[in-house]
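Notes follow once the structure below has been shown.
Just so it is clear: chains get the letters A, B, ... in the order the sequence lines come, proteins before strands, and each one is counted from 1.
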Amino acid sequence: MKKLETAFYQQSDVLRIARDLLGKLLVTQWEGQCTIGRIVETEAYRGVTDKASHAYGGRRTARTEIMYAAGGVAYVYLCYGMHHLFNVVTGKKDEPHAVLLRGIEPVKGLPIMHSRTGKRPGDISLGAGPGNLARAMGIQTMHTGQSLLGDSMYIAEDGFILRKSLLQATPRIGVDYAGEDAALPYRFIIRDNLWVSKRNTFLLSKK
DNA sequence: CGACCGATCGTCT
DNA sequence: GACGATCGGTCGA
């Protein structure tokens, strides 16, 4: 298992990073609890020109400031007052690109994930969807700004190769407010993977 | 299967 | 004071 390094996160093409994160392992280990999940669903938020992004138009607020940091840190924010959404900040300093992690296939620490979420063994919603993913991995807004290059929270590769035929791009979820940008194919999933968020599966059958 | 609804609160206007 | 990069449940066809 090899931890992804700065050079990976600071590539300029956030779409490529979002794609390449599929199949990688997300690791968190804190409070004596280690959990690992394989990333099966991501969404790219592409800098200041992307109407769906919190950084659209170069907007800077206390909350989104971390998006302008150099790639390799976490951007976690509270959505709908109850869900913690975890993004990987990418690009160079002052290029506010980010990748939202939307789905993981649980790999290690299943009992811990079950106790964190209250879900029962066999429930495939455990790591499906950004809110569920963060809850299962123990990620909260207090982790925003945290480095992904340290030991408590990082992404690694283990030799898993994603066949091209299993890579699929679709429009992003829940960004209707973004006008024409809502239709951009910036969501990436591992096709037919059990752990991809089930909502909007109709998008797949339509294709 | 699809449409809709309530929960719940930090952030920005 | 309004509004989410969501989720889980319900209701009707």
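- Residues A:Leu78 and A:Gly131 both approach DNA chain C. Their nearest nucleotides, taken by heavy-atom distance, put A:Leu78 toward the 5′ side.
- Here the P atom of nucleotide C:dT6 and the NE2 atom of A:His54 are 9 Å apart, to the nearest Å.
- Rounding to whole angstrom units, NZ of residue A:Lys51 and P of C:dA5 are separated by 16 Å.
- Summarising the geometry, the separation between CD on A:Glu43 and P on C:dT6 is reported as 8 Å, rounded to the nearest angstrom.
- Taking a centre distance below 5.5 Å and an interplanar angle below 30 degrees as the stacking criterion, A:Tyr45 stacks against the six-membered base ring of C:dA5.
- If you check every strand for non-hydrogen atoms under 4.0 Å, A:Asn87 touches a base.
- A donor-acceptor pair is defined here as one N or O able to donate and one able to accept, closer than 3.5 Å; such a pair exists between the side chain of A:Arg38 and the backbone of A:Gly23.
- For the pair A:Glu65 CD and B:dT11 C1', the computed distance is 15 Å after rounding to whole Å.
- Counting to the nearest Å, the P atom of B:dT13 and the CZ atom of A:Arg63 are 10 Å from each other.
- Among the atoms of the strands shown, only primed sugar atoms or phosphate atoms (P, OP1, OP2) are found under 4.0 Å from some heavy atom of A:Lys119.
- The separation between A:Met82 atom CE and C:dA5 atom C1' is 15 Å, rounded to whole Å.
- Distance CZ/A:Arg116 to CD1/A:Ile139: 8.5 Å, rounded to 0.5 Å.
- Taking atom C1' on both B:dG10 and C:dG8, the two are 22 Å apart, rounded to the nearest angstrom.
- Note on A:Leu85: only backbone sugar-phosphate atoms sit closer than 4.0 angstrom, heavy atoms only; bases stay farther off.
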Name the atoms and distances for all side-chain donor-acceptor pairs under 3.5 Å in residues 83-92 of chain A, with sequence neighbours left out.
residue : atom : partner  : partner atom : Å
A:His84 : ND1  : A:Thr141 : N            : 3.0
A:Asn87 : ND2  : A:Tyr75  : O            : 3.4
A:Lys92 : NZ   : A:Gln10  : O            : 3.4

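- Annotation: the span from A:Met137 atom CE to A:Leu126 atom CG amounts to 10.0 Å, rounded to 0.5 Å.
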Could you write out DNA chain C as a dot-bracket string, with dots for unpaired bases, | for bases paired across to another strand, and Watson-Crick or G-U pairs counted at under 3.5 Å?
||||.|||||||.
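- Residue side chain A:His83 does not reach the base of C:dA5 through any donor-acceptor N/O pair under 3.5 Å, judged by distance alone.
- Look at A:Arg135 and you won't find any side-chain N or O under 4.0 angstrom from OP1 or OP2 of C:dT6.
- Other residues, nucleotides and ligands contribute over 12 non-hydrogen atoms within 6.0 Å of the CZ atom of A:Arg60.
- A sub-4.0 Å separation between OP1 or OP2 of C:dA5 and a side-chain N or O of A:Tyr177 is present.
- Note: CG (A:Asp123) to P (C:dG8) measures 8 Å, nearest angstrom.
- Here C:dA5 presents its P atom at 20 Å from CZ of A:Arg46, a figure rounded to the nearest Å.
- Between the side chain of A:Tyr177 and the backbone N or O of A:Ala52, at least one donor-acceptor pair lies under 3.5 Å.
- Comparing atom distances between the A:Tyr80 side chain and each of B:dC12, C:dG4, C:dC7 picks out C:dG4 as nearest.
- Of the possible donor and acceptor atoms, one in the side chain of A:Lys3 sits under 3.5 Å from a partner among the backbone N and O of A:Gly150.
- Rounding to the nearest 0.5 angstrom, the gap separating the CH2 atom in A:Trp30 from the NE2 atom in A:His143 is 3.5 Å.
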